[in-house]
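One structure, as structure tokens, below. Some questions next.
By convention in this document, chain letters (A, B, ...) are assigned in the order of the sequence lines, proteins followed by strands, and residues within each chain are numbered from 1. Given the structure is predicted, the values throughout are model-derived calculations rather than measurements.
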2 protein chains.
Amino acid sequence: MLGSGVHAGLYPLEFGQASTNRAGRTFRQELERIGYLGDKPLGEPMTAYYELHIEQGPVLEREGLPIGVVTGVQGVVMVESALTGFNAHAGRAPMAGRRDAFRGAAEITYRIMEATAQFGPDARCTVCRAEVSPGAPSVVPDHVFFTIDIRHPDGKTLAAFYEQLKVICGEVVKRHDLGFSMREDWTFDPLSFDPACVGNVRETVEALGYPYRDIISGAGHDAVNVSRLTPTAMIFIPCRDGLSHNEYEHAEKEHAIMGCNVLLGTVIRHSTKAAKKNGGE
Amino acid sequence: MLGSGVHAGLYPLEFGQASTNRAGRTFRQELERIGYLGDKPLGEPMTAYYELHIEQGPVLEREGLPIGVVTGVQGVVMVESALTGFNAHAGRAPMAGRRDAFRGAAEITYRIMEATAQFGPDARCTVCRAEVSPGAPSVVPDHVFFTIDIRHPDGKTLAAFYEQLKVICGEVVKRHDLGFSMREDWTFDPLSFDPACVGNVRETVEALGYPYRDIISGAGHDAVNVSRLTPTAMIFIPCRDGLSHNEYEHAEKEHAIMGCNVLLGTVIRHSTKAAKKNGGE
């Protein structure tokens, strides 16, 4: 989402171009190398933006539906957290005086996961990464870096969920006498797509006679960034086992074709309506 | 403890010599390289074995005592565990159908840590290592490798503690529909050192007038292996902040001197007693 973020003014152009991969090469260097460094001005207005994507979840596949009309995107708070305790011997150090960073991370994870249900079935909570140091036999871990990813389609509920996470972290680090830091790595508010654009997608699916349902996206997409500038909507197709960001990600060819038909039909529908409007009809 | 384990017949000589470091070099190759490959027979009888060691814990330092008379060694069960779930998108996949391997690992860790107190103040529980896969943003972890290390000086209590761990693992993997494997990596039963040897240490400390306490070792030592063949005891001195297996491990020179005095005095005492006995007195 870096390119769309720069386009939409979320990040300065210089930040995007100076971003590096793990090998230390910048985005700008690589764009030059492959001949894709452009010179168009940023943030140019578009009439509309429609994005076709796999669902990245199991709902459409479970319900046997080839199309999802995406009405909006969940809000996300993803934080990078670090816990610092004290290195001790796993056999000698009494449990009472320990400052076990992994015990703290496990307790935070357990408690926020258990608390998730109270924010309803649309709430999501995932600890995607956890790195334990020193990770040596017979040594109580003195440092854990981990990420906590919470999501909800309703902004107020997401804020309450985030507050609950902070309360749990505060209680756990106090209980185990741990140092703690938390940084928001990637967050965005819940988003409703443009009603007219969503309407165009739905009308097109119905005209084509494809089974569908309305659906909320749980993931971030370029559409989230572009929607700051331009009327936007999205179309989902199923993916096998809900897998994505994974070598086994797979969409059926027939679903991809149906998705493309919906995208094409929607763009034609949008253009036709715009032409009629401009023509004064 | 590999050398003492081979000496005591716990592992075959071939196993010890074929063990490799991370660079793939064998123990035998390295012994040859540095000129230390011996030819003495294994398991030769010794009169007695006394080992001087830092405590690797905070007790002596906290209590301001320079010497610990080690009466025995805690039992250890260290298991390598693997949880296998299913890779899913952190935003899309509903909480209900998830098979989150890290959620499982966190729940097992939280529950066994909370259960530890019921086995008394001598019980120890540590998760020293945890590796989370794939460890990618927005992906529910589908695999966690982690080690669980539980210890107790009483064999029956340690067995009950281990049973409790297995019950918790069984409940958690069922609840989150996870695959599970557990392998005992390093275990030994609690051990009481030879009463006559422990008595020699205690008499020596008292004769020298050093403050001391009896103490149970929480860590494995060569003495544990050697005690299978030979009457054995150990002497502890304090170490700063209980740190060991760590670059900041540190013992005060005065404590090291006192420890050496106790070791020397104990060996002389042991030899004198043996000579008197052989002399028929």
Side-chain angles (χ1 to χ4, degrees), chain A residues 55-59 74 76 78 86-98 100 102-103 105-111 113 116-117 121-132 134-141 147 149 151 185-186 217-220 241-246 248, chain B residues 55-59 74 76 78 86-98 100 102-103 105-111 113 116-117 121-132 134-141 147 149 151 185-186 217-220 241-246 248:
Chain A
E55 183 200 332
Q56 302 182 282
V59 176
Q74 283 182 21
V76 177
M78 193 176 99
F86 192 77
N87 187 308
H89 193 285
R92 289 299 317 153
M95 298 301 284
R98 287 193 184 191
D100 181 340
F102 187 69
R103 183 175 184 180
E107 189 165 333
I108 289 169
T109 302
Y110 172 75
R111 289 185 57 191
M113 295 279 181
T116 299
D122 290 333
R124 304 279 183 271
C125 179
T126 317
V127 172
C128 299
R129 294 173 62 192
E131 290 161 16
V132 181
S138 297
V139 180
V140 178
T147 62
D149 177 323
R151 308 194 187 200
D185 182 57
W186 190 56
S217 172
D241 294 332
L243 277 178
S244 69
H245 297 235
N246 185 295
Y248 296 99
Chain B
E55 181 200 334
Q56 303 182 281
V59 176
Q74 281 182 22
V76 177
M78 194 178 98
F86 192 78
N87 186 307
H89 193 285
R92 288 300 314 153
M95 298 301 283
R98 287 193 184 190
D100 180 338
F102 187 69
R103 183 176 183 179
E107 189 165 334
I108 289 169
T109 301
Y110 172 75
R111 288 186 55 190
M113 295 279 181
T116 299
D122 290 334
R124 304 279 183 271
C125 179
T126 317
V127 172
C128 299
R129 296 172 60 192
E131 290 161 16
V132 181
S138 297
V139 180
V140 177
T147 62
D149 177 321
R151 310 196 186 198
D185 182 58
W186 191 56
S217 172
D241 294 332
L243 275 178
S244 69
H245 297 234
N246 186 295
Y248 296 99

| request: Answer whether the closest heavy-atom distance between the side chains of A:Phe86 and B:Asp241 falls below 4.5 Å. | output: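 Contact flag for A:Phe86/B:Asp241 side chains = yes.
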| query | What part of B:Gln56 gets closer than 4.5 Å to chain A, counting heavy atoms only: side chain, backbone, both or neither? | reply |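 Contact with chain A is through both the backbone and side chain of B:Gln56.
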| field | Contact summary for B:Met95 and A:Arg124, nearest pair of heavy atoms | value |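 B:Met95 and A:Arg124 have their closest heavy atoms at SD-CA, 3.9 Å.
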| task | Flag the pair A:Thr126 / B:Pro141 as yes when at least one side-chain heavy-atom distance between them is below 4.5 Å, and no otherwise. | result |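 A side-chain contact under 4.5 Å exists here.
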| task | Identify which part of A:Glu131 has an atom lying under 4.5 Å from any heavy atom of chain B, answering side chain, backbone, both or neither. | result |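 Interface part for A:Glu131: neither.
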| task | Heavy atoms only, distances under 4.5 angstrom: which of B:Val139, B:Val140, B:Asp149 has the most pairs with chain A? Name it, please. | result |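 With the most close heavy-atom pairs to chain A, the winner is B:Val139.
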| request: Side chain from CB out, backbone as N, CA, C, O: work out which of these in A:Ser244 comes under 4.5 Å of a heavy atom of chain B, or both, or neither. | output: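 Both parts, backbone and side chain.
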| task | Compare all side-chain heavy atoms of B:Cys125 with those of A:Arg98 and state whether any distance is below 4.5 angstrom. | result |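 Not touching, per the 4.5 Å side-chain cut-off.
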| query | B:Ala123 versus chain A, heavy atoms under 4.5 Å apart: side chain, backbone, both or neither? | reply |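 When you check distances to chain A, only backbone atoms of B:Ala123 fall under 4.5 Å.
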| said: Under 4.5 Å from any heavy atom of chain B, what part of A:Ala96 do you find: side chain, backbone, both or neither? | reply: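 No part of it gets close to chain B.
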| task | Can you tell which part of A:Pro94 gets under 4.5 Å to a heavy atom of chain B, answering side chain, backbone, both or neither? | result |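 Both the backbone and the side chain of A:Pro94 come within 4.5 Å of chain B.
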| request: Please state whether the side chain, the backbone, both or neither of B:Thr116 comes within less than 4.5 Å of a heavy atom of chain A. | output: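 It is the side chain, since no backbone atom gets that close.
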| said: Heavy-atom pairs under 4.5 Å with chain A: which of B:His89, B:Arg129, B:Arg111 has the most? | reply: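 Answer, by heavy-atom pair count under 4.5 Å with chain A: B:His89.
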| message | As an exercise: rank B:Gly57, B:Cys128, B:Ala106 by heavy-atom pairs under 4.5 Å with chain A and give me the winner. | response |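 Looking at each option in turn, the highest pair count goes to B:Cys128.
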| request: Give the ring-plane orientation class for B:Phe102 versus A:Phe102, where under 30° counts as parallel, over 60° as perpendicular and anything between as tilted. | output: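 The arrangement is perpendicular - the two ring planes meet at more than 60°.
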| task | Against chain B, label A:Val59 side chain, backbone, both or neither, depending on which of its atoms sit under 4.5 Å from a heavy atom there. | result |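 The side chain, not the backbone.
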| message | Using heavy-atom distances under 4.5 Å, tell me whether A:Ala90 contacts chain B through its side chain, its backbone, both, or neither. | response |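 Interface part for A:Ala90: both.
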| said: What part of A:Asn87 gets within 4.5 angstrom of chain B, counting heavy atoms only: side chain, backbone, both, or neither? | reply: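 Interface part for A:Asn87: both.
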| Per-residue contact mode, A:Gln74 against chain B (heavy atom under 4.5 angstrom) |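 For A:Gln74, the side chain is the part near chain B, not the backbone.
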| Max heavy-atom pair count under 4.5 Å with chain A, selected residue of B:Gly242, B:Ala88, B:Ala136 |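 Option with the greatest count: B:Ala136.
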| Any idea which heavy atoms bring B:Ser138 and A:Arg151 closest together, and the distance? |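 Minimum heavy-atom separation between B:Ser138 and A:Arg151: OG-NH2, 3.0 Å.
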